[in-house]
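Worksheet: one structure, shown below.
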Amino acid sequence: MPVVIALGALVMTLLGGWTAHRVTDRRHLILGLAGGLMLGVVGLDLLPEALEVAGDEVYGVPAALLCFVGGFLLAHAVERLLAERVAAHHVVESAPVATGGAGTRAEAGAGAAGRPSAPASALPGRAPQVGLTAAAAMVGHSAMDGVALGLAAQVSDEMTLAVAVAVIAHDFADGFNTYTLTSLYGNARRKAVLMLGADAVAPVVGAASTLLFTVPDQALGIYLGFFGGVLLYLAAADILPEAHHDHPALSTLGCTVAGVGFVWLVVGAAH
């Protein structure tokens with residue numbers, strides 16, 4: 001069952017990459033809806049289930065909540081480390097080049113001629129390796145989405161459905177971001193498509209891996225809390241700001257609220 005659902009995540013990842021390549025004027029609505037779905041799953045299903053399953057406290061605080069905060073902080077730390085690497089590469093690439101004579105200029109021209117030209121959509125001053133690193137991180141995260149889906153299936157069908165909604169919605173944004181990050185940093189379209197394909201397959205591999213082992217209930221609750229923190233960070237710090245960046249419209253906010261409301265209906269119907 002989780003592997004079948006992960007195939008849906010594969011399709012949504014590819015759809016997200018296609019949207020990044022072809023659609024630009026309405027993507028804010030889709031991202032707003034995806035952010036709302038993720039927020040609803042975290043607040044209305046993942047956290048309550050994690051608190052119920054992992055009920056032990058650590059120094060007066062439920063273990064699931066500590067892991068929730070830990071997941072949020074880890075996602076924040078990873079994003080900041082990647083951002084610092086981007087900034088460092090930008091400084092190096094934008095540093096002034098000495099123009100002491102025609103020979104120096106000719107050597108610079110020869111070096112540029114020896115490198116493959118970046119796509120026209122690439123942003124200046126950005127190293128292709130940074131884009132590939134960020135895309136590889138997205139692939140790893142998608143694999144963990146599949147693991148979360150498989151572990152949720154070990155809890156209950158209700159939890160599987162809720163996590164499936166979050167993973168499928170989130171993987172659309174993952175596909176969108178994977179293709180965009182790879183291409184904007186000057187990589188060829190072929191590399192962007194390859195990274196998109198790896199990102200699409202990753203949740204299927206992650207879900208299939210959970211067929212080989214089972215996890216105790218308390219450990220599942222701790223993991224669900226941790227996964228909820230990561231999802232909340234991605235929704236609040238990445239997807240929703242991107243949705244409102246160029247189109248701060250009420251329609252985008254409406255899609256976010258609709259996403260939360262949809263999850264509420266799903267959770268209510270499951271109970």
Side-chain angles (χ1 to χ4, degrees), residues 1-2 4-13 15-16 19-20 23-53 62 64-65 67-69 71-72 75 141-142 144-146 148-149 151-153 155-177 203 221 223-271:
M1 181 66 175
V4 175
I5 297 175
L7 291 174
L10 182 151
V11 173
M12 289 300 291
T13 301
L15 182 60
T19 302
V23 180
T24 57
D25 57 338
R26 296 295 179 189
R27 71 184 180 93
H28 60 288
L29 298 178
I30 300 173
L31 291 176
L33 177 63
L37 289 171
M38 292 167 63
L39 177 60
V41 165
V42 171
L44 304 179
D45 199 81
L46 281 183
L47 267 184
E49 183 70 24
L51 289 170
E52 180 179 344
V53 176
L65 283 183
C67 291
F68 172 78
V69 175
F72 189 98
H141 176 69
S142 292
M144 292 307 298
D145 282 350
L149 188 57
L151 294 181
V155 177
S156 65
D157 291 339
E158 172 195 336
M159 177 59 62
T160 303
L161 179 60
V163 173
V165 170
V167 167
I168 290 175
H170 175 231
D171 279 2
F172 174 89
D174 268 2
F176 187 97
N177 290 334
Y223 177 77
L224 291 175
F226 178 84
F227 182 63
V230 173
L231 276 184
L232 181 63
Y233 181 83
L234 292 173
D238 185 14
I239 294 178
L240 289 177
E242 179 66 21
H244 290 273
H245 178 65
D246 293 324
H247 298 274
L250 288 177
S251 57
T252 306
L253 178 60
C255 287
T256 302
V257 174
V260 175
F262 176 76
V263 174
W264 186 12
L265 292 176
V266 169
V267 172
H271 279 87

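Start at 1 with the first residue, then count along the sequence.
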**OP:** Show your reasoning for whether side-chain contact (heavy atoms from CB on, under 4.5 Å) applies to Met12 and Val167.
**Re:** CA-CA 10 Å; Met12 289 300 291; Val167 167; over 6 Å; no
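- Annotation: the span from Leu231 atom CG to Phe226 atom CZ amounts to 10.5 Å, rounded to 0.5 Å.
- The two residues Gly225 and Ala50 make their nearest non-hydrogen contact at N-CB, 3.7 Å.
- The shortest distance between side-chain heavy atoms of Leu33 and Thr256 does not fall below 4.5 Å.
- Heavy atoms only, all atoms of each residue included: Pro241 and Ala235 are closest at CD-O, 3.9 Å.
- Within the 4.5 Å cutoff, side-chain heavy atoms of Leu47 are placed close to those of Leu65.
- Listed here is the closest heavy atom pair of Leu29 and Ser251: CD2-OG, 3.5 Å.
- From Phe227, atom CZ reaches atom CG of Leu149 across 8.5 Å, with rounding to the nearest 0.5 Å.
- Between atom CG of residue Leu151 and atom OG1 of residue Thr160 there is a gap of 10.0 Å, rounded to the nearest 0.5 Å.
- Taking all atoms of both residues into account, the shortest heavy-atom contact from Ala152 to Val163 is CB-CG2, 3.7 Å.
- Minimum interatomic distance between Ala6 and Pro203 (heavy atoms only, all atoms of both residues): CB-O, 3.7 Å.
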Subject >> Derivation of the side-chain contact (heavy atoms from CB on, under 4.5 Å) call for Val263 and Leu39 >> reply: CA-CA 9 Å; Val263 174; Leu39 177 60; over 6 Å; no
Subject >> side-chain contact (heavy atoms from CB on, under 4.5 Å) evaluation trace for Ile168 with Val11 >> reply: CA-CA 9 Å; Ile168 290 175; Val11 173; over 6 Å; no
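- Nearest heavy atoms, Pro62 versus Leu51: CB-CD2, 3.7 Å.
- The CG atom of Leu10 lies 10.0 Å from the OG atom of Ser142; values are rounded to the nearest 0.5 Å.
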Subject >> Phe68 and Val42: CA distance, side-chain angles, deciding distance, side-chain contact (heavy atoms from CB on, under 4.5 Å) verdict >> reply: CA-CA 10 Å; Phe68 172 78; Val42 171; 3.8 Å; yes
